[in-house]
Amino acid sequence: MTSEPENQNKSKHFVRQIIEEDLSKGLQREDIRTRFPPEPNGCLHIGHAKAFCLDFGMALEYGGKCNLRFDDTNPTKEDNRFVEAIKEDIRWMGFDWENREFYASDYFEKLYNYALELIENNKAYICTLSPEEFKEYRGIPGRPGKDSPHRNRPMAESLDIFKRMRNGEFAEGAYVLRAKIDMANPNLHLRDPAIYRIKHAEHIRTGKSWCIYPMYDFAHCLSDAIEGITHSLCTLEFEVHRPLYDWFIENTSIIKTLKVQPRQNEFARLNLSHTMMSKRKLQQLVEEKIVEDWDDPRMPTLSGMRRRGYTPQAIKNFCEEIGITKFNSLTQIALLEHCLRADLNKVALRRMAVFDPLLVEITNWEDGLVDWLDAINNPEDESAGTRKVPFSKHIYIEKSDFMENPPKKYFRLSPGTEVRLRYAYILKCVDVVKNADGSVEKLLCTIDTESRGGNAPDGRKIKGTIHFVSKDHALKAKVRLFDNLFTKEDLSNLGDDENFKDYLNPNSLTETEALLEPSLKEAKPQEPLQFERNAYFTLDSKSSDALVFNRTVTLKESFVK
RNA sequence: UCCCCGAUGGUGUAAUGGCAGCACAGAGGAUUUUGAUUCCUUUAGUUGGAGUUCGAGUCUCUAUCGGGGAACCA
């Protein structure tokens with residue numbers, strides 16, 4: 001698992017350093033335990049992929065295990081639909097949590113008992129301050145808060161009320177359980193935070209059996225401790241919560257059961273140019289039907305990227321490439337696209353397609369004669385094999401592959417010049433047939449009958465190679481071309497009131513038709529394809545139409561100038 | 001306002017106190033039955049100031065800039 005040569009080109013980010021330091025201090029590899037803790041309130045996106053590639057990746061790399069734990073402590077926000085979607089996305093990315101599928105709600109009883117313990121030890125109390133009073137008593141940064149009038153409520157009384165809270169005797173908001181820490185602490189999170197609130201809501205797993213629910217700060221660290229997590233990795237905004245994370249573990253009896261005390265470490269979340277990762281805003285795009293659904297191929301969600309044709313390997317490579325740091329940055333989408341192209345280039349099947357057809361008649365080819373030629377499926381991978389491609393008297397080529405008056409360095413077809421039809425014959429343009437308006441109707445060409453396969457018998461060099469589709473065999477398909485969802489590069493700084501939709505790219509989705517070689521009838525959804533000289537595509541997995549292809553990413557084309 | 005965290009080419013990152021390296025993007029070139037790929041070359045960097053040290057991107061102080069923090073959300 002930890003082959004040295006593989007580790008050499010991986011950056012030694014601070015999480016690796018922490019783990020290696022722990023290892024050197026005596027932590028056993030098999031005791032390393034991480035967790036990925038999504039809240040099932042939305043679909044996973046590329047930013048989550050960064051997080052769970054790290055969670056699962058570190059465990060795998062150092063010989064530990066990673067748990068999947070749904071952080072389902074707020075019943076009003078969560079939905080089972082997302083539990084399934086999240087599992088599917090992680091599985092698709094190739095990670096396996098084996099039988100370690102956990103839920104924070106699995107621990108409700110245990111957590112309740114730890115809360116009782118805190119009350120009994122005079123480290124928690126029942127408070128009846130309203131949310132407004134609560135806020136007022138907490139104070140503001142720079143000014144200490146003041147003690148709640150209930151801070152010294154007798155332990156027995158708090159205990160009694162808490163038990164009755166659980167029994168459902170009170171309305172929502174009537175009481176709250178607070179940890180007794182320090183109302184003067186400069187870190188506001190330590191000013192007696194709420195740890196249990198009443199919510200008469202149905203929970204996705206526990207149904208109606210609970211009406212009090214633990215808060216994140218209380219539930220998360222103890223859940224980690226219960227599961228034997230050693231490295232609890234989360235994003236930077238939880239940095240100020242870390243003292244609380246330690247406080248609950250160190251002030252409950254769970255500390256005595258631990259072989260290794262869990263530690264929280266924070267890293268920067270992903271910001272990607274020309275896209276946006278806010279769950280709330282993505283949800284807005286779905287609700288307002290600006291996109292089809294969460295898995296719209298333009299979405300930065302994993303399901304969207306999957307449908308668009310991204311490969312899990314490309315996403316994993318990207319996550320390794322961007323590294324892990326403790327400072328915010330804005331990663332260019334070009335890096336993600338590079339990782340995609342690099343992977344696709346290795347695996348995509350090459351296929352011929354014409355988007356903007358120009359008819360070519362081969363004057364020295366017999367009418368009705370069809371030659372089935374061998375075509376290589378992937379020059380980067382011999383094991384991908386070959387296929388047969390038909391050639392006949394009438395073919396289509398790309399309009400841009402012909403120029404009547406070519407510039408200097410143009411090496412495709414023009415009157416009187418030769419070009420190679422890929423896998424087929426050397427083609428020479430002898431005449432141009434025009435429409436009444438002067439536009440080109442079709443080309444009359446001849447082929448070198450001795451050049452089957454593309455090589456000239458006399459060894460003459462043919463610089464240009466173009467692709468083609470046989471007219472009688474061509475398949476018609478709809479192709480959807482994608483661009484960035486947003487035109488603005490940096491949407492991460494957008495405030496809530498600023499309207500991110502102002503930056504929606506009107507050209508993020510365009511549709512066109514293409515003529516394809518017949519073998520594409522057998523294309524499978526999500527199978528990476530390269531339509532030569534154009535881009536990478538996949539057959540859409542959701543469209544009911546016969547053939548709809550999504551463009552994954554464009555090729556780099558240096559002949560644009 | 002107070003507390004916490006951070007700052008390395010255009011971008012993303014690396015460097016037990018010891019030659020600032022890698023990748024993306026850009027530029028140039030070679031090979032090519034995809035103007036792709038591949039290969040080679042190249043442009044460009046330690047936020048400012050002070051200090052410790054034989055030696056500082058790294059340690060200290062300070063300034064500046066950026067991020068986070070005042071849900072009964074996670």
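Letters A, B, ... mirror the listed sequences (proteins, then strands); counts begin at 1.
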Colleague: Check whether A/F411 forms a cation-pi arrangement with A/K463 (NZ or CZ under 6.0 Å from the six-membered ring centre, at most 45° off the ring normal).
Modeller: yes
Colleague: Say you pick atom C1' in B/U42 and the same atom in B/A7; how far apart are they, in whole Å?
Modeller: 28 Å
Colleague: Hey, is the side chain of A/Q17 poking within less than 4.0 Å of OP1 or OP2 on B/A15, counting only N and O atoms?
Modeller: yes
Colleague: Quick test of your reading of the model: are A/E266 and A/R242 salt-bridged, counting only N-O distances below 4.0 Å?
Modeller: yes
Colleague: Look at all strands and tell whether A/I324 reaches a base, only sugar-phosphate, or nothing, counting heavy atoms closer than 4.0 Å.
Modeller: sugar-phosphate
Colleague: Looking at every heavy atom in both A/A353 and A/V469, which two are closest together, and how far apart are they?
Modeller: CA-CG2, 4.1 Å
Colleague: Select base, sugar-phosphate, or nothing to describe what A/R191 touches, counting heavy atoms under 4.0 Å on all strands.
Modeller: nothing
Colleague: Using atom P of each nucleotide, how far apart are B/C5 and B/C24 to the nearest Å?
Modeller: 35 Å
Colleague: Please determine if A/R153 forms a cation-pi arrangement with A/Y125, meaning its NZ or CZ atom is less than 6.0 Å from the six-membered ring centre and no more than 45° off the ring axis.
Modeller: no
Colleague: Would you mind reading off the distance between A/I322 atom CD1 and B/A14 atom P, rounded to a whole angstrom?
Modeller: 11 Å
Colleague: Consider the side chain of A/K556, meaning its heavy atoms from C-beta on, and name the nucleotide among B/A25, B/G35, B/A14 that approaches it most closely.
Modeller: B/A25
Colleague: In terms of relative ring orientation, are A/Y107 and A/F102 parallel, tilted or perpendicular, with 30° and 60° separating the classes?
Modeller: tilted
Colleague: Let me know the distance between CD of A/E337 and P of B/A23, rounded to the nearest Å.
Modeller: 20 Å
Colleague: Could you measure between the two P atoms, the one in B/G21 and the one in B/A36, and give it in whole Å?
Modeller: 29 Å
Colleague: Would you say the side chain of A/Q530 and the base of B/U34 hold a donor-acceptor pair, judged only by whether the two atoms sit under 3.5 Å apart?
Modeller: yes
Colleague: Sticking with atom P, work out how far B/U32 lies from B/G10, rounded to a whole angstrom.
Modeller: 37 Å
Colleague: Syn or anti for B/A71? Use the chi torsion, O4'-C1'-N9-C4 for purines and O4'-C1'-N1-C2 for pyrimidines, with syn inside 90° of 0.
Modeller: syn
Colleague: Does a nitrogen or oxygen in the side chain of A/K461 sit under 4.0 Å from OP1 or OP2 of B/U32?
Modeller: yes
Colleague: How far, in whole Å, is B/U60 from B/C19 if one measures between their C1' atoms?
Modeller: 26 Å
Colleague: Would you mind checking if A/D448 and A/R460 are paired as a salt bridge, meaning a charged N to carboxylate O distance below 4.0 Å?
Modeller: yes
Colleague: What integer distance in Å separates A/L330:CG from B/G9:C1'?
Modeller: 16 Å
Colleague: Base, sugar-phosphate or nothing for A/N455? Non-hydrogen atoms, less than 4.0 Å.
Modeller: base
Colleague: Let me know the distance between CD of A/E557 and C1' of B/A36, rounded to the nearest Å.
Modeller: 8 Å
Colleague: Can you find a side chain N or O atom of A/K326 that sits less than 4.0 Å from OP1 or OP2 on B/A7?
Modeller: no
Colleague: Mind calculating the distance between CG (A/L335) and P (B/U11) to the nearest angstrom?
Modeller: 14 Å
Colleague: What closest approach, in Å, do A/D246 and A/P262 show between heavy atoms, and which atom pair accounts for it?
Modeller: OD1-O, 4.4 Å
Colleague: Counting just side-chain N and O atoms, does A/R533 come under 4.0 Å of either OP1 or OP2 of B/G35?
Modeller: yes
Colleague: Please say whether the positively charged group of A/R178, taken as NZ for Lys or CZ for Arg, lies over the ring of A/F134, i.e. under 6.0 angstrom from the six-membered ring centre and within 45 degrees of the axis.
Modeller: yes
Colleague: Are A/K326 and A/F14 in a cation-pi contact, defined as NZ or CZ under 6.0 Å from the six-membered ring centre and within 45° of the axis?
Modeller: yes
Colleague: Between protein and nucleotides 65-74 of chain B, map the contacts as a letter string: B base, S sugar-phosphate only, - none, heavy atoms under 4.0 Å, written 5' to 3'.
Modeller: --SBBBSBBB
Colleague: Specify the separation, in whole Å, of atom NZ of A/K12 and atom P of B/C22.
Modeller: 18 Å
Colleague: Take atom CZ of A/R420 and atom C1' of B/U34, then tell me their distance rounded to the nearest Å.
Modeller: 11 Å
Colleague: Let me know the distance between CG of A/N317 and C1' of B/G12, rounded to the nearest Å.
Modeller: 15 Å
Colleague: Quick one: on RNA chain B, does A/G464 or A/E321 contact a more 5' nucleotide (nearest heavy atom)?
Modeller: A/E321
Colleague: Kindly say if A/T325 contacts the phosphate of B/U13, meaning a side-chain N or O under 4.0 Å from OP1 or OP2.
Modeller: yes
Colleague: Could you work out the separation of B/U8 and B/A14 based on their P atoms and round it to a whole Å?
Modeller: 11 Å
Colleague: Please measure how far the P atom in B/G17 lies from the corresponding atom in B/A25, and state the result in whole Å.
Modeller: 33 Å
Colleague: Give the dot-bracket string for RNA chain B, reading 5' to 3', where a pair is Watson-Crick or G-U wobble with both distances under 3.5 Å, ( ) marks pairs inside the strand, [ ] marks pairs crossing earlier ones, | marks a partner on another strand, and . marks unpaired.
Modeller: .((((((..((((....[..)))).(((((.......)))))....(((((..]....))))))))))).....
Colleague: C1' atom, B/C22 versus B/C61: distance in rounded Å?
Modeller: 33 Å
Colleague: Please pick, from B/U32, B/A36, B/G12, the nucleotide with the shortest atom-to-atom distance to any side-chain atom of A/L555.
Modeller: B/A36
Colleague: At their closest point, which heavy atom of A/I322 faces which heavy atom of A/K50, and how far apart are they?
Modeller: CD1-CD, 3.8 Å
Colleague: Any idea how A/H189 and A/H241 line up, ring-wise: parallel (<30°), tilted (30 to 60°), or perpendicular (>60°)?
Modeller: tilted
Colleague: Going by the angle between their ring planes, with limits at 30° and 60°, are A/F162 and A/Y196 parallel, tilted or perpendicular?
Modeller: perpendicular
